[in-house]
Amino acid sequence: MEPECPQKSPYVIDVEPGTYAWCRCGKSGTQPYCDGSHAGTNISPEVVKFEEKRTVAWCGCKRTKNPPYCDGTHSLL
Ligand code: FES
């Protein structure tokens, strides 16, 4: 299944240290994070852990080649 495309730009968010599950299927209602909506698909979230506070550009188009981060691919859509 092709992922859905919630938006053709990244979600730029200041995140606290912790573990995050980036939605890969595009169906989550809590973008850019997984809410379990991938159930029944063959897609699962990308889980990343940050030790320090940082600003993350989460891919919103779900077509990045460097998940979960925006790599500019959205500009080709
Ligand atoms: S939002 Fe997907 S590559 Fe930028």
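Read the numbers this way: they start at 1 and go in the same order the structure lists the ligands and their atoms. Numbers for residues simply follow the sequence, beginning at 1. For the numbers below, each heavy atom of this structure counts, side chains included, while hydrogens, waters and symmetry mates do not.
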Heavy atoms of Asp71 and Lys65 approach each other most closely as OD2-N, 2.9 Å

Atom 2 (Fe) of ligand 1 and His74: any N/O/S contact shorter than 2.8 Å? no

If the cut-off is 4.0 Å to any non-hydrogen atom of Asp71, which atoms of ligand 1 fall inside it? 3 (S)

Are any N, O or S atoms from Cys61 nearer to atom 2 (Fe) of ligand 1 than 2.8 Å? yes

Heavy-atom side-chain proximity of Trp22 to Val56 below 4.5 angstrom: no

Under 4.0 Å to a heavy atom of Gly60 - the qualifying atoms of ligand 1, by number: 1 (S), 2 (Fe)

Per-atom contacts of ligand 1 with Pro10, taking only distances under 4.0 Å to non-hydrogen atoms: 1 (S)

With a 4.0 Å heavy-atom cut-off (strictly under), which part of Ser9 contacts ligand 1: side chain, backbone, both or neither? backbone

Nearest atoms (heavy-atom pairs only) where Glu46 meets Pro67: OE2-O, 4.0 Å

Looking only at heavy atoms, what is the nearest atom pair of Lys62 and Pro3, with distance? O-CG, 3.6 Å

Heavy-atom contacts with Cys70 under 4.0 Å: which atoms of ligand 1 show up? List them by number with element. 3 (S), 4 (Fe)

If we only count heavy atoms from C-beta on, is the Asp14 to Lys53 side-chain gap below 4.5 Å? no

What are the two closest heavy atoms between Cys70 and Thr64, and how far apart are they? C-OG1, 4.2 Å

